[in-house]
A.B. asks: 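My questions will all concern the structure given below.
What's counted below: heavy atoms across the whole structure, side chains too, no hydrogens, waters or symmetry copies. Treat the numbers as computed from the prediction; the structure is a model and nothing was measured. Here is the naming used below: chain letters follow the sequence lines, and residue numbers restart at 1 for every chain.
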Amino acid sequence: MPELPEVETIARGVHERLRGDQILEAWFGSHKEPFKNSPGRQAAGLEGRTILSVHRTGKHIVVELGKSGAGNLNEPTAQWIVHLGMTGRLLVTTPDAEVAPHTHARLRLKSGRELRFVDPRRFGRLEFRELSSDAAFTGPGKEPTTITPDDFAKLFRGRRLAIKAALLNQTILHGVGNIYADESLFRAGIRPKRMAGRLKRDELLRLHAAIQEVLAHAIQLGGSSVSDYVDANGVRGFFQLEHRVYLRTGQPCLVCGTPIRRILLAGRGTHYCPTCQR
DNA sequence: CATTTCACCTGGTGGC
DNA sequence: TGCCACCAGGTGAAAT
């Protein structure tokens with residue numbers, strides 16, 4: 001479900017609500033899928049630690065954790081990294097709140113609340129990093145919200161794949177997914193199938209600007225709620241009202257009236273206007 | 001190495 | 001109502 005704007009919204013919400021709280025106990029479900037390292041190791045690492053801050057890197061949520069007693073409490077000694085996959089949610093609840101189906105993790109907090117991870121399709125991932133032995137998480141690719149136009153243009157030099165496939169490749173640029181790839185390419189006037197390495201400089205500059213505008217606007221609106229996305233407070237986003245091509249197959253282009261076309265590209269539904277995008 | 005395809009999951013929708 | 005095909009915000013392993 002979630003791309004960069006949704007993950008950013010969730011990370012901000014969790015940060016605001018849980019900063020300074022302490023994890024007393026971690027409970028994990030029995031499905032193996034969500035765990036990049038074992039639930040036992042994650043529970044042992046999480047229990048007793050303090051939540052210093054929560055932020056986003058690409059599509060990952062990074063919870064910075066401190067340890068009381070030894071050294072400076074404000075210096076992170078561990079990280080809990082949450083990837084939401086297609087259907088993952090992170091929710092802050094009261095302990096008596098009904099436990100949703102497909103709840104895979106419940107962290108009981110000193111404040112009396114719980115942080116829960118719910119994910120029906122189980123494409124999401126949970127990882128614990130002990131910073132004394134593991135590297136700090138940096139994300140798989142470059143950060144689209146801060147990359148300069150020049151560095152952005154360099155990413156696609158010599159690449160022989162469709163620009164949309166390149167945008168979806170997280171090791172190149174992390175955070176853009178299917179919705180924001182389609183919406184950015186529409187706003188830049190570029191066909192999704194265009195070979196990335198053959199785009200002209202002015203096209204790449206338009207795409208860079210479109211991506212940063214779309215992501216910033218979507219973050220302002222709390223992300224896109226296509227079916228059931230909600231943030232850490234259970235609130236839906238509103239950027240779906242701003243979609244110009246995504247899931248608008250057959251409907252008139254809002255600029256020129258041409259019916260929006262849907263094709264399959266890189267295995268994903270891809271939406272574009274055949275008139276506005278060249 | 002770069003690129004493409006497909007498996008991994010559940011659930012919702014729409015046709016018959 | 002049931003059954004089935006198809007679709008969905010994402011990756012990573014395997015194939016090409």
A.B. asks: Any side-chain N or O of A/R125 under 4.0 Å from OP1/OP2 of C/dT11?
C.D. replies: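 Checking C/dT11 against A/R125, no side-chain N or O comes under 4.0 Å of OP1 or OP2.
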A.B. asks: Report the distance from atom CG of A/D119 to atom P of C/dT11, rounded to the nearest whole Å.
C.D. replies: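 Answer to the nearest Å: 13 Å.
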A.B. asks: Any side-chain N or O of A/Y246 less than 4.0 Å from the OP1 or OP2 oxygen of C/dA8?
C.D. replies: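 Answer is no, no contact under 4.0 Å.
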A.B. asks: Does A/T249 reach a base, just sugar-phosphate, or nothing at all? Heavy atoms under 4.0 Å.
C.D. replies: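 Answer is nothing: A/T249 stays at 4.0 Å or more from every strand.
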A.B. asks: NE2 of A/H60 to CD of A/Q79: how many Å apart, nearest 0.5 Å?
C.D. replies: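 Answer rounded to 0.5 Å: 11.5 Å.
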A.B. asks: Any heavy-atom pair between the side chains of A/F156 and A/L204 that's under 4.5 Å?
C.D. replies: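 Sidechains of A/F156 and A/L204: in contact.
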A.B. asks: Return the nucleotide paired to B/dC9: Watson-Crick means purine N1 to pyrimidine N3 with N6-O4 or O6-N4, wobble means G-U with N1-O2 and O6-N3, both under 3.5 Å.
C.D. replies: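 Check on B/dC9: unpaired, no WC or wobble geometry under 3.5 Å.
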A.B. asks: To the nearest angstrom, how far is A/L247 atom CG from B/dT13 atom P?
C.D. replies: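 Distance, rounded to whole Å: 13 Å.
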A.B. asks: Classify the nucleic acid contact of A/G177 as base, sugar-phosphate or nothing, counting any heavy atom under 4.0 Å across all strands shown.
C.D. replies: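 Sugar-phosphate contact only.
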A.B. asks: Could you tell me whether the side-chain ring of A/F123 sits stacked on the base of B/dC8, using a centroid cut-off under 5.5 Å and a plane angle under 30°?
C.D. replies: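 Base of B/dC8: stacked against A/F123.
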A.B. asks: Rounding to a whole Å, what distance do you find between A/F238:CZ and C/dG9:C1'?
C.D. replies: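 That distance rounds to 18 Å.
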A.B. asks: Taking atom P in both B/dA7 and C/dA5, what distance in whole Å separates the two?
C.D. replies: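 It comes out at 16 Å once rounded to the nearest Å.
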A.B. asks: So what does A/F239 touch, heavy atoms closer than 4.0 Å: a base, only the sugar-phosphate, or nothing?
C.D. replies: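 The answer is nothing, as A/F239 stays clear of every strand by at least 4.0 Å.
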A.B. asks: Closest approach to the side chain of A/H102, judged atom by atom: which nucleotide of B/dC8, C/dG9, B/dG11 is it?
C.D. replies: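 Minimum distance to the A/H102 side chain belongs to B/dG11.
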A.B. asks: Taking a pair as Watson-Crick or G-U wobble with both distances under 3.5 Å, which nucleotide is matched to C/dG9?
C.D. replies: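 None - no nucleotide pairs with C/dG9, as no candidate has both distances under 3.5 Å.
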A.B. asks: Could you give the NE2-to-P distance, from A/H83 to C/dG12, as a whole number of Å?
C.D. replies: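 That distance rounds to 7 Å.
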A.B. asks: I need the NE2-P distance between A/H104 and B/dT10, as an integer number of Å.
C.D. replies: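 Answer to the nearest Å: 9 Å.
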A.B. asks: Can you figure out which of B/dC9, B/dT3, C/dG10 approaches the side chain of A/N178 most closely?
C.D. replies: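 Looking only at side-chain atoms, A/N178 lies closest to C/dG10.
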A.B. asks: Does any part of the side chain of A/E203, heavy atoms only, come nearer than 4.5 Å to the side chain of A/L207, both counted from C-beta?
C.D. replies: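 Of all side-chain heavy-atom pairs linking A/E203 with A/L207, none is under 4.5 Å.
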A.B. asks: By nearest atom, which of the nucleotides C/dG9, B/dC9, B/dT4 is closest to the A/L161 side chain?
C.D. replies: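 Closest nucleotide among those given: B/dT4.
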A.B. asks: So, does A/Q170 get its side chain near the phosphate of C/dG10, meaning an N or O under 4.0 Å from OP1 or OP2?
C.D. replies: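 No, outside the criterion.
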A.B. asks: Any side-chain N or O of A/R121 less than 4.0 Å from the OP1 or OP2 oxygen of C/dG10?
C.D. replies: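 For C/dG10, neither OP1 nor OP2 has a side-chain N or O of A/R121 closer than 4.0 Å.
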A.B. asks: Can a side chain N or O of A/K59 be found less than 4.0 Å away from OP1 or OP2 on C/dG9?
C.D. replies: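 A/K59 to C/dG9 OP1/OP2: no side-chain N or O under 4.0 Å.
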A.B. asks: Rounded to whole Å, please give me the gap between CG in A/L264 and P in C/dA8.
C.D. replies: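 These atoms are roughly 8 Å apart.
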A.B. asks: Nearest to the side chain of A/R159, heavy atoms from C-beta on, is which of B/dT3, C/dA8, C/dG9?
C.D. replies: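 It is B/dT3.
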A.B. asks: Is the phosphate of C/dG10 approached by A/R268 (side-chain N or O, under 4.0 Å from OP1 or OP2)?
C.D. replies: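 For C/dG10, OP1 or OP2 has a side-chain N or O of A/R268 closer than 4.0 Å.
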A.B. asks: Could you state the CZ-C1' distance from A/R262 to C/dC6, rounded to the nearest angstrom?
C.D. replies: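 To the nearest whole Å, that distance equals 9 Å.
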A.B. asks: Is the shortest heavy-atom distance from the side chain of A/T138 to the side chain of A/T57 under 4.5 Å?
C.D. replies: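 Heavy-atom side-chain distance check fails, nothing below 4.5 Å.
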A.B. asks: Look at all strands and tell whether A/R160 reaches a base, only sugar-phosphate, or nothing, counting heavy atoms closer than 4.0 Å.
C.D. replies: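 Sugar-phosphate: the residue A/R160, judged by heavy atoms under 4.0 Å, touches backbone atoms but no base.
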A.B. asks: Can you tell me if A/D150 and A/T148 form a side-chain donor-acceptor pair at under 3.5 Å?
C.D. replies: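 No, no side-chain donor-acceptor pair sits under 3.5 Å.
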A.B. asks: Taking CZ from A/F156 and P from B/dT3, how many angstroms apart are they, rounded to a whole number?
C.D. replies: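 So the CZ-P distance, A/F156 to B/dT3, works out to 12 Å.
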A.B. asks: Tell me if the aromatic rings of A/Y246 and A/F239 count as close, with their centers under 6.0 Å from one another.
C.D. replies: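 No, the ring of A/Y246 stays outside the 6.0 Å limit from the ring of A/F239, centre to centre.
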